[in-house]
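The next block holds one structure in the form of structure tokens; read it before the comments.
Just so you know, these numbers use all the heavy atoms, side chains as well, and skip hydrogens, waters and symmetry mates. Index from 1, following the sequence. These figures come from a predicted structure and were not determined experimentally.
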Amino acid sequence: MARLPQGVRKRSNGTLEKRITIQGKRYSIYANSTKELSVKEEEFKKKLDSGIYTDNRNITLDKYFEEWLVGKRATTKSNSLRIYSCNYHKHISPELGKRKIQQIERREVMRLQSKLIDGLSATTVNSIMKTLKIILNDAVNDEIVVRHIK
């Protein structure tokens with residue numbers, strides 16, 4: 001087996017890990033090969049330099065919703081907040097709440113929507129999906145999720 005570069009270790013699951021320290025904060029980068037590790041390290045440093053990288057990358061949808069709701073209290077009517085909270089806690093949270101925001105995929109949202117269509121009216125489903133859309137759009141604006149435009 002080839003010798004690993006300095007600062008790189010092989011993990012028990014076979015992947016490689018490189019730990020780097022930038023401005024006193026330690027970060028880990030994972031990959032399957034040393035070449036991939038180098039590419040990911042460069043991408044990570046570019047994200048860090050451009051300010052795209054945030055520490056909220058591991059925040060769950062439930063945690064973000066609670067913070068989001070507190071922030072909305074100053075600018076949103078109380079009835080709208082009540083609707084958002086009801087829609088979220090009754091329909092969205094049981095399906096997606098424990099997921100990290102960055103890991104939620106379009107297909108999961110579509111699955112939620114089709115599940116809701118089976119038992120609820122179209123108006124109710126639209127209200128629930130509107131709530132989720134507002135939350136996820138604000139997550140993009142807060143730079144927790146990076147929107148990929150093609």
Indicate the atoms forming the closest heavy-atom contact of [X] with [Y], along with that distance.
X: Glu41; Y: Ile20; value: OE2-CG2, 3.7 Å
X: Glu17; Y: Ser28; value: OE2-OG, 2.9 Å
X: Lys10; Y: Leu4; value: N-CD1, 3.8 Å
X: Tyr84; Y: Ile134; value: OH-CD1, 3.5 Å
X: Ile92; Y: Leu61; value: CG2-CD2, 4.0 Å

Could you tell me which residues satisfy side chain to side chain contact (heavy atoms under 4.5 Å, CB included) with Thr60, sequence neighbours excluded, listed by chain and number? Asp62, Lys63
Just jot down the side chain to side chain contact (heavy atoms under 4.5 Å, CB included) partners of Ser12, sequence neighbours excluded, or say none. none
Residues two or more places apart in sequence or in another chain: which of them pass side chain to side chain donor-acceptor pair (under 3.5 Å) with [X]?
X: Glu108; answer: Arg99
X: Asn126; answer: none
X: Asn13; answer: Thr15
X: Thr76; answer: none

Do Asn87 and Leu132 have side chains that approach each other closer than 4.5 Å (heavy atoms only, starting at C-beta)? no
Applying a strict under-4.5 Å side-chain criterion to I, L, V, M, F, W and Y, I'd like to know whether Val109 and Val140 cluster together. yes
Return yes when atom CZ of Arg9 has more than 12 non-hydrogen atoms of other residues, nucleotides or ligands closer than 6.0 Å, and no otherwise. yes
Sequence neighbours excluded, which residues qualify as salt bridge (Lys or Arg N to Asp or Glu O under 4.0 Å) partners of [X]?
X: Arg11; value: none
X: Glu42; value: none
X: Arg107; value: Glu105
X: Lys130; value: none

Would you be so kind as to tabulate the donor-acceptor pairs closer than 3.5 Å made by side chains of residues 116-123, with sequence neighbours excluded?
residue: Ser121; atom: OG; partner: Thr124; partner atom: N; Å: 3.3
residue: Ser121; atom: OG; partner: Thr124; partner atom: OG1; Å: 2.9

Got a second to check how far [X]'s [atom1] is from [Y]'s [atom2], nearest 0.5 Å?
X: Arg106; Y: Gln113; atom1: CZ; atom2: CD; answer: 9.0 Å
X: Leu136; Y: Met129; atom1: CG; atom2: CE; answer: 9.0 Å
X: Ile128; Y: His91; atom1: CD1; atom2: NE2; answer: 3.5 Å
X: Glu67; Y: Leu69; atom1: CD; atom2: CG; answer: 11.0 Å
X: Leu16; Y: Lys40; atom1: CG; atom2: NZ; answer: 10.5 Å
X: Ile135; Y: Lys72; atom1: CD1; atom2: NZ; answer: 9.5 Å

Is the side chain of Tyr64 donor-acceptor paired with the backbone N or O of Ala139 at a distance under 3.5 Å, no angle test? yes
When you measure from the side chain of Ser114 to the backbone N and O of Arg111, does any donor-acceptor pair fall under 3.5 Å? yes
Holding to ring pair (Phe, Tyr, Trp, His ring centres under 6.0 Å), I want the full list of residues that pass it with Tyr88, two or more places apart in sequence or in another chain. Phe65
